[in-house]
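One structure below.
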Amino acid sequence: MIGRNTVNALTTHLLFGLGESRGLAADIARAASIELAPLEERAFEEGEFKLRPLVPVRDRTVFVVQSLAGSADAPVAHRLVRLLFLLFGLRDAGASRTIALVPYLSFARKDRRTQLRDPVNTRYVAQLLESTGLGRLIALDVHNPAALDNAFRIPLDHLSALPMFADHFARRYPGSGLVVASPDVGGIKRVQLFREFLARRLEKDVELAFVEKRRAGGVVSGGTIVGNVAGRTVIVLDDLCATGGTLMRAAAGLREAGAEAVHVAVTHAPLAAGLAALLATDRIAGVVATDSVGTALHGHVPSRHPKLTILPIAPLFAQAVTRIMSGAPLAPLLERWPPADL
C-alpha cells in the first residue's frame with residue numbers, strides 16, 4: 001500500500017499507479033509535476049485483492065498507469081483484472097473521467113481471425129475496458145493501430161517511440177550511410193515512417209531495406225534481403241521482441257548481405273529471454289528498447305549491458321498527461337522528440 005500523503009484537495013486531476021507499474025507511475029508523475037495519488041493495495045492469501053483510492057476522486061479526471069506485460073509474480077491476466085477492478089472502483093467512487101495509460105497493451109497482436117473459430121482477443125480486451133466506463137486509452141506502439149481503432153469505441157491515442165528512436169540514432173550516427181530495415185514485410189510501413197523521422201533529424205536521406213519472411217504452420221522461412229545494405233550501418237526496427245528469433249534471423253541475413261553493423265530497435269520486450277538472446281549474438285552490435293514493460297526484465301538482463309540502451313517512456317507519457325490536463329494537442333509528440341513546441 002502506498003502510504004497516505006497530502007494531495008491537493010482542489011486539484012481536478014489525479015494519477016494512480018498499480019503496484020506492478022508503480023515505478024513507472026512515479027516517474028510519470030514526477031516528470032508531469034503532479035503528485036502520485038495514494039492507493040491501498042491489499043493482497044489476500046487465496047489470491048484475491050482489494051484496491052481503494054485513499055483520496056477523494058469524485059468529479060475528478062483520474063489517470064491510471066498499468067503496463068500489461070506479464071512477469072513471474074504478476075501474469076498478464078492478473079494485471080488486466082487489477083486494472084479493470086480499479087477502473088470500476090474509480091467509477092463507483094464518482095470519478096468524472098478515467099484515462100488509462102497502458103504502455104504495453106497485451107493481446108493486441110490477436111486482432112483478426114486467421115482460421116475457423118479464431119478468437120479476436122483485441123476486441124475482447126476493448127469490450128472489457130469499455131465496460132468499466134473508461135473515457136480514454138493511451139497506448140504505445142501497438143502492433144496494428146488500425147485494428148485497435150476498430151476494436152475500441154472510446155477515444156484512443158497512439159503514442160510512438162519512433163521519434164525517440166530517431167533522436168537517439170541521429171545523435172549517435174550523425175554521418176551518412178544509415179539504412180533502416182524491417183525484419184519482415186508486415187513492418188514496412190512502420191519502418192518507412194521511422195526513416196522519415198530519422199531523415200528529418202539528420203537532414204540527409206536514409207535508405208530502406210526489408211527481409212522477406214514467410215510463416216506457415218508455425219514455421220518461418222525466407223530471408224532474402226531487399227535493398228542495398230553492403231558496407232552500411234543498418235537499424236532493424238520492430239514494435240516487439242518476443243523470442244528474438246525474427247530479429248536474429250534478420251540480423252544474420254543483413255550481415256551476410258554485407259552490412260557493416262546491425263543495430264536493433266524495439267519498443268516492447270515483454271520476454272526477457274528474447275532480449276537476452278539479441279544481446280548474446282555477435283551479429284547484432286547494439287539493442288535499443290524502451291522500458292514499456294517495467295520490471296519484467298529485471299533479474300534477467302544486466303541493466304548496464306554494454307550493448308543495451310533503455311530509453312525511458314515516462315517523459316513521453318508525462319507530456320501526454322500535461323497536454324491532456326491543459327487541453328493541448330498530442331500531435332507534436334508524434335512528430336519529433338523532444339517535441340518542437342517545448
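These values consider heavy atoms only, across backbone and side chains, with no hydrogens, waters or symmetry-generated copies.
- With salt bridges taken as basic N to acidic carboxylate O contacts below 4.0 Å, none links Arg190 and Asp141.
- Heavy-atom minimum distance, Ala166 versus Leu198: O-CD1, 3.6 Å.
- For Ala209 against Gly227, the heavy-atom pair with the smallest separation is CB-CA, 4.1 Å.
- For the pair Phe210 and Val191, the minimum side-chain heavy-atom distance is 4.5 Å or more.
- Atom CG of residue Asp291 and atom OH of residue Tyr104 lie 15.0 Å apart, to the nearest 0.5 angstrom.
- The salt bridge (charged side-chain N to carboxylate O under 4.0 Å, His left out) check on Arg201 picks up Asp167, with sequence neighbours excluded.
- For Thr233 and Glu260, the side-chain atoms include no donor-acceptor pair closer than 3.5 Å.
- You'll find the ring centres of Phe85 and Phe49 inside the 6.0 Å limit.
- Interatomic distance, Met248 CE to Thr243 OG1, rounded to the nearest 0.5 Å: 6.5 Å.
- Here the side chains of Cys241 and Leu278 are in contact, with some heavy-atom distance below 4.5 Å.
- In the displayed structure, Arg109 atom CZ is contacted under 6.0 Å by at most 12 heavy atoms of other residues, nucleotides or ligands.
- For Glu46, the CD atom is densely surrounded, since the number of other residues' heavy atoms within 6.0 Å is greater than 12.
- Ion pair Arg153/Glu130 not flagged as a salt bridge, since none of the NZ, NE, NH1 or NH2 atoms sits closer than 4.0 Å to an Asp/Glu carboxylate oxygen.
- Linking ILVMFWY side-chain heavy atoms closer than 4.5 Å, directly or via other members, places Tyr124 and Leu129 in two distinct hydrophobic clusters.
- A distance-only check finds no donor-acceptor pair linking the side chain of Asp239 to the backbone of Val266 [under 3.5 Å].
- Between His168 and Leu311 there is a side-chain heavy-atom pair separated by less than 4.5 Å.
- Listed here is the closest heavy atom pair of Pro53 and Leu39: N-CD1, 3.7 Å.
- Annotation: side chain of Val288 is not in contact with side chain of Leu308 (no heavy-atom distance under 4.5 Å).
- Between atom CG of residue Leu208 and atom CG of residue Asn228 there is a gap of 12.0 Å, rounded to the nearest 0.5 Å.
- Annotation for Pro183 and Asp238: closest pair CG-OD2, 3.5 Å, computed over non-hydrogen atoms.
- Within the 4.5 Å cutoff, the side chain of Leu134 has no heavy atoms near those of the Arg97 side chain.
- When hydrophobic clusters are built by joining Ile, Leu, Val, Met, Phe, Trp and Tyr residues whose side-chain heavy atoms come closer than 4.5 Å, directly or via intermediates, Leu105 is not grouped with Val120.
- Considering only heavy atoms from C-beta on, Val236 stays 4.5 Å or farther from Val180 through its side chain.
- A donor-acceptor pair is defined here as one N or O able to donate and one able to accept, closer than 3.5 Å; no such pair exists between the side chain of Lys50 and the backbone of Phe44.
- With hydrogens and angles disregarded, a donor-acceptor distance shorter than 3.5 Å links the side chain of Arg113 to the backbone of Asp118.
- Without hydrogens or angle criteria, Arg323 side chain to Pro329 main chain gives a donor-acceptor distance under 3.5 Å.
- Checked by atom type and distance alone, the side chain of His268 pairs as donor or acceptor with a backbone atom of Leu140 at under 3.5 Å.
- Judged by distance alone, with hydrogens and angles left aside, the side-chain atoms of Thr122 form a donor-acceptor pair with the main-chain N or O of Phe107 at under 3.5 Å.
- If you chain together hydrophobic residues whose side chains sit under 4.5 Å apart, Leu237 and Leu334 never meet in one group.
- The two atoms that bring Pro332 and Pro339 nearest to each other are O-CB, 3.9 Å, heavy atoms only.
- Under the 4.5 Å side-chain criterion, counting only non-hydrogen atoms from C-beta, Arg42 is not in contact with Arg52.
- A distance of 4.0 Å separates CG of Leu193 from CZ of Phe197, quoted to the nearest 0.5 Å.
- By the salt bridge (charged side-chain N to carboxylate O under 4.0 Å, His left out) test, Arg82 pairs with Glu20, Glu41, sequence neighbours left out.
- Interatomic distance, CD1 of Ile34 versus CG of Leu14, reported as 8.0 Å (0.5 Å rounding).
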Kindly indicate, with the supporting measurements, whether the criterion side chain to side chain contact (heavy atoms under 4.5 Å, CB included) is fulfilled by Leu24 and Leu101.
-> CA-CA 10 Å; Leu24 175 60; Leu101 310 179; over 6 Å; no
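- Grouping the Ile, Leu, Val, Met, Phe, Trp and Tyr side chains by contacts below 4.5 angstrom, directly or via other members, places Leu330 with Val65.
- Scored by the side chain to side chain donor-acceptor pair (under 3.5 Å) test, Arg30 finds Asp27 as partners (sequence neighbours excluded).
- The shortest side-chain heavy-atom distance between Phe16 and Val55 falls under the 4.5 Å cut-off.
- Distance check: Leu137 CG to Leu148 CG gives 7.0 Å after rounding to the nearest 0.5 Å.
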Check the pair Thr98 / Arg91 against side chain to side chain contact (heavy atoms under 4.5 Å, CB included), numbers first and verdict last.
-> CA-CA 8 Å; Thr98 52; Arg91 183 192 68 181; 5.8 Å; no
Would you check, one step at a time, whether the test side chain to side chain contact (heavy atoms under 4.5 Å, CB included) holds for Leu83 with Leu18?
-> CA-CA 8 Å; Leu83 173 60; Leu18 285 153; 4.3 Å; yes
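- Under a 3.5 Å cut-off, the side chain of Lys307 and the backbone N or O of Leu279 do form a donor-acceptor pair.
- Criterion: ILVMFWY side-chain heavy atoms under 4.5 Å apart, direct or through other members. Under it, Leu68 and Phe88 are not part of a common hydrophobic cluster.
- Side-chain N or O atoms of Thr132 include none that pairs as donor or acceptor with a backbone N or O of Leu87 at under 3.5 Å.
- Using cut-offs of 30° and 60° for the angle between ring planes, the Phe165 and Phe169 rings count as tilted.
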Val64 and Leu90: side chain to side chain contact (heavy atoms under 4.5 Å, CB included), yes or no, with the steps?
-> CA-CA 10 Å; Val64 177; Leu90 291 167; 3.5 Å; yes
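- Between the Ser131 side chain and the Leu128 main chain, a donor and an acceptor come within less than 3.5 Å of each other.
- Here the closest heavy-atom approach between residue Val76 and residue Ser106 is recorded as CG1-OG, 3.3 Å.
- Between the side chain of Arg79 and the main chain of Ser67, a donor-acceptor pair closer than 3.5 Å is present.
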